[in-house]
Protein chains: 2
Amino acid sequence: MGNNIGGINRIGKTHNMIKKVKLLKPALGREEKRQLKLDAILRHAAAAFMEKGYYKTSLDDIARLHKVTKPTLYYYIRNKEDILIKCEAVASQRINGLLDDVTALDDNGFAQLKKFIEGYVEIVTDDIIRCHIRHRGQREDPAAREASLKMHREIEHRVREIIGRGVADGSLRPCNPTIIAILLFDALNGISAWYREEGDLNHEELVAQVLLIVTEGVKNKA
Amino acid sequence: MGNNIGGINRIGKTHNMIKKVKLLKPALGREEKRQLKLDAILRHAAAAFMEKGYYKTSLDDIARLHKVTKPTLYYYIRNKEDILIKCEAVASQRINGLLDDVTALDDNGFAQLKKFIEGYVEIVTDDIIRCHIRHRGQREDPAAREASLKMHREIEHRVREIIGRGVADGSLRPCNPTIIAILLFDALNGISAWYREEGDLNHEELVAQVLLIVTEGVKNKA
DNA sequence: AGTTTAAGTTACTCATGGGTAACAATATAG
DNA sequence: CTATATTGTTACCCATGAGTAACTTAAACT
C-alpha cells in the first residue's frame, strides 16, 4: 500500500501546458482538490524545513512558497505543529506500507531485511519523509508527542521482529535484534540528511554498500 | 589529548562537603575559575538543549539551572549561538584527540577502526558531545556555519582515511570508504540520541554489537 | 584600610512570528 | 441569477525571548 501523494508535483507542469486551468478543475471533486492543495503545502513546508529548519522557517515563508498569504494556510492546517503531524502521517503510511509488503514475502528473515533496506533507501529520498525523520520528536503538544513516539517505536519494533525472525530461522547470525535494529535504522535515517538523488552517487551503489556492511561486514577474512 | 572538563560535575559534591567554599576558592586563579564556570554553564545548557531542544530552551532556563540571572550568562558567552559554538570546540577536541590516539597506533586499519569505535561510544555519552551532535548544523552566522561544516568534514575525512588504510593493507574488505564512513558515523552518532549509561544496556554489550555488525555483518554463512 | 575589577542584579527594549478577526472575492448549487 | 459555502486577503494582537543599560555587591590586589 504505497503512497497517496505520487504525482502532486506534476501539477506545476499541467499549469504550464493548459492556460485555462478552470476547464480542468471541475473534473476533481472539492474534497480531492482540498487534499491536493494540502499535499502541496506539505511539500513546500517540508522542503523549507529541510533547508532552514523548523524554527527558522516562518509560516509566512511557507505561505510565500505556496503563493498565498499566511491565514490561508490555516484553512488547511490547524497550526504550525500540525504540519509536522501531517508529515508524520504520510511517513507512517509509507514506511508501514513497505513493512507490510516486506513481511508478506514468503522468504526468510535475511531476505526480508534486504528488501526492507532496498525499499527504505528509496523512501528516504522523499522530502516529506526527510522532514519527518529530521523533526520527529519535536512536538509541543504532549498528546502529539506521545503519538509520535509510539508510531516510531512500532516501526522499530517491526524491524526488530524481522531481524528476530532471521535469527530464529538461521538466515541471520545470532545477535541482539533490538540494538541491531536501532543501529541499522540510524544509519538508514542518516542517509536522508545527506543523500541527494541529483548527486554523483547513484542509488544502486548506495544500496550495495549498505547491504555490504549489513550482511558481510567490512573485516576481510581472506 | 582527552578532555579538559573532566571533573566539573564534582563541584556540586565539593559544595556539599565543605561549608566555607571560600577557603577552597583561592587555590584557583581567576582565569581558571572563569573557565570552570564556563564549563558548568555549557553542561547545564547542553543538558537543557538535549531535553527540550535548542529553540525551546530560553537563556532564562539556562540561567535558572545555573542559579544566576540571564545577563550574567553574557559575561561568559557572546550570545545563545555561542553556546553551540563552544560545545563544538569541546567536541572537536575530544573527537580529534581520539583520532590522534587511534592513528598513532602501530597497527592495521581494522585494528585502528575498532579502537575508534570503542572510543567513540565512550565519548558519545557526554552531554556536551550529545548536544553538539544533535545541534550541529544550526548556525545562524554564516561564518560559524562554514566552520562547523568544515570541522565535521575533517573528522569524517579522518575516519574515511582509516578505512581506506584498512582496505589498502588488506585488513578490510574492498569497499567504498566514503559511504562506509558516513554510514558508520550516522549509526554511532545515533547512539547519542538514545543510549543512557543509567539504562539496563551496558557499555560492553553495545560496543560488542556495533563491532559485530561492522566487522562480521549479520548474515549467517553457516 | 580603600580602590579597582570581576560578577551579578533589576528593569527595560524591541524584533519576530504564531495566531485571529473582520472583510472580499470566487466558485458551486438551486 | 441570486444565495451560500468555500477560499482567500488585509490588518491587527500579543506572547515570547534575545539582547542591553544602568546600577549593586563581592572579591582581589597593593
Side-chain angles (χ1 to χ4, degrees), chain A residues 11 15 20-42 44-45 48-49 52-86 135 138-141 144, chain B residues 11 15 20-42 44-45 48-49 52-86 135 138-141 144:
Chain A
I11 283 177
H15 181 266
K20 291 292 178 203
V21 199
K22 290 174 185 178
L23 294 173
L24 197 68
K25 272 185 182 169
L28 302 152
R30 305 149 269 221
E31 194 48 48
E32 282 139 314
K33 269 169 60 183
R34 190 193 174 74
Q35 195 59 39
L36 236 52
K37 283 189 187 168
L38 172 62
D39 287 337
I41 288 173
L42 251 47
H44 282 132
F49 289 165
K52 306 173 61 179
Y54 180 73
Y55 290 98
K56 277 189 221 153
T57 305
S58 71
L59 286 174
D60 283 310
D61 289 337
I62 298 169
R64 208 174 301 123
L65 281 173
H66 197 61
K67 302 236 209 299
V68 289
T69 54
K70 181 174 59 171
T72 302
L73 296 180
Y74 281 83
Y75 197 81
Y76 298 92
I77 57 165
R78 239 194 279 281
N79 50 45
K80 195 182 183 185
E81 182 161 307
D82 193 40
I83 298 176
L84 294 184
I85 293 174
K86 285 183 164 47
H135 297 98
Q138 0 193 313
R139 289 299 112 97
E140 197 80 41
D141 177 37
Chain B
I11 284 178
H15 180 268
K20 291 291 179 203
V21 198
K22 291 173 183 180
L23 293 172
L24 197 68
K25 275 185 179 170
L28 303 150
R30 307 149 268 220
E31 194 51 46
E32 283 141 313
K33 267 170 59 183
R34 189 191 175 77
Q35 193 62 37
L36 236 51
K37 284 188 187 171
L38 171 63
D39 288 335
I41 288 172
L42 250 48
H44 282 131
F49 289 165
K52 307 175 56 178
Y54 179 74
Y55 289 100
K56 278 188 221 154
T57 305
S58 72
L59 286 175
D60 283 310
D61 289 336
I62 299 170
R64 207 170 305 122
L65 280 174
H66 196 61
K67 302 237 210 297
V68 289
T69 55
K70 181 171 59 172
T72 302
L73 296 181
Y74 282 84
Y75 197 81
Y76 298 91
I77 57 164
R78 239 194 279 282
N79 50 43
K80 195 181 182 184
E81 182 162 310
D82 193 40
I83 298 176
L84 293 183
I85 294 174
K86 285 182 162 50
H135 297 97
Q138 356 191 320
R139 292 296 112 99
E140 199 80 42
D141 178 36

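Sequence lines set the chain letters: A, B, ... in the order given, protein chains first and strands last, and positions in each chain run from 1.
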Check side chain to side chain donor-acceptor pair (under 3.5 Å) between B:K52 and all other residues, then give those that pass, not counting sequence neighbours.
B:D61

Between OH of B:Y75 and C1' of D:dA26 the distance, given in whole Å, is 12 Å

Counting only side-chain nitrogens and oxygens, does A:K33 get under 4.0 Å of the OP1 or OP2 atom of C:dT28?
yes

Please check if the side chain of B:E81 supplies one atom and the backbone of B:E140 the other of a donor-acceptor pair under 3.5 Å.
yes

Each nucleotide of nucleotides 13-25 of chain C classed B (base within 4.0 Å of a protein heavy atom), S (only sugar-phosphate) or -, in 5' to 3' order, makes ----SBBB-----

What do the steps show when you test A:Y55 against A:Q138 for side chain to side chain contact (heavy atoms under 4.5 Å, CB included), and what is the final call?
CA-CA 10 Å; A:Y55 290 98; A:Q138 0 193 313; 3.2 Å; yes

Protein-nucleotide distance (B:I77, atom CD1; C:dA7, atom P), rounded to Å
15 Å

Approximate separation, where rounding is to 0.5 Å, of B:I77 CD1 and B:I62 CD1:
6.5 Å

Distance, rounded to the nearest Å, where A:E31 contributes CD and D:dT7 contributes C1'
14 Å

Not counting sequence neighbours, which residues clear side chain to side chain donor-acceptor pair (under 3.5 Å) with A:K86? List them please.
A:D82

Dot-bracket notation for DNA chain C, counting Watson-Crick and G-U pairs under 3.5 Å, with | for partners on another strand:
|.|||||||||||||||||||||||||.||

Scanning both residues in full, the closest heavy-atom pair of A:T69 with A:A63 reads C-CB, 3.7 Å

Interatomic distance where CG belongs to B:L73 and C1' belongs to C:dT9 [whole Å]:
13 Å

Please walk me through it: do B:L38 and B:Q35 pass side chain to side chain contact (heavy atoms under 4.5 Å, CB included)?
CA-CA 5 Å; B:L38 171 63; B:Q35 193 62 37; 3.9 Å; yes

Whole angstrom value for the distance that separates P of D:dA15 from CD of A:E140:
16 Å

Pairs meeting criterion ring pair (Phe, Tyr, Trp, His ring centres under 6.0 Å) with involvement of residues 62-81 of chain B, two or more places apart:
B:H44-B:H66

Value in whole Å for how far the P atom of C:dG8 lies from CZ of B:R64
17 Å

Please report the shortest heavy-atom distance between B:A48 and B:L65, naming the atom on each side.
CB-CD1, 3.8 Å

Check every atom of D:dT10, D:dA28, C:dG8 against the side chain of A:T69 and return the nucleotide holding the closest atom.
D:dT10

Rounded to the nearest angstrom, tell me the gap between atom NE2 in A:H66 and atom P in D:dT7.
12 Å

Closest of D:dG8, C:dG8, C:dA7 to the B:R34 side chain is C:dA7

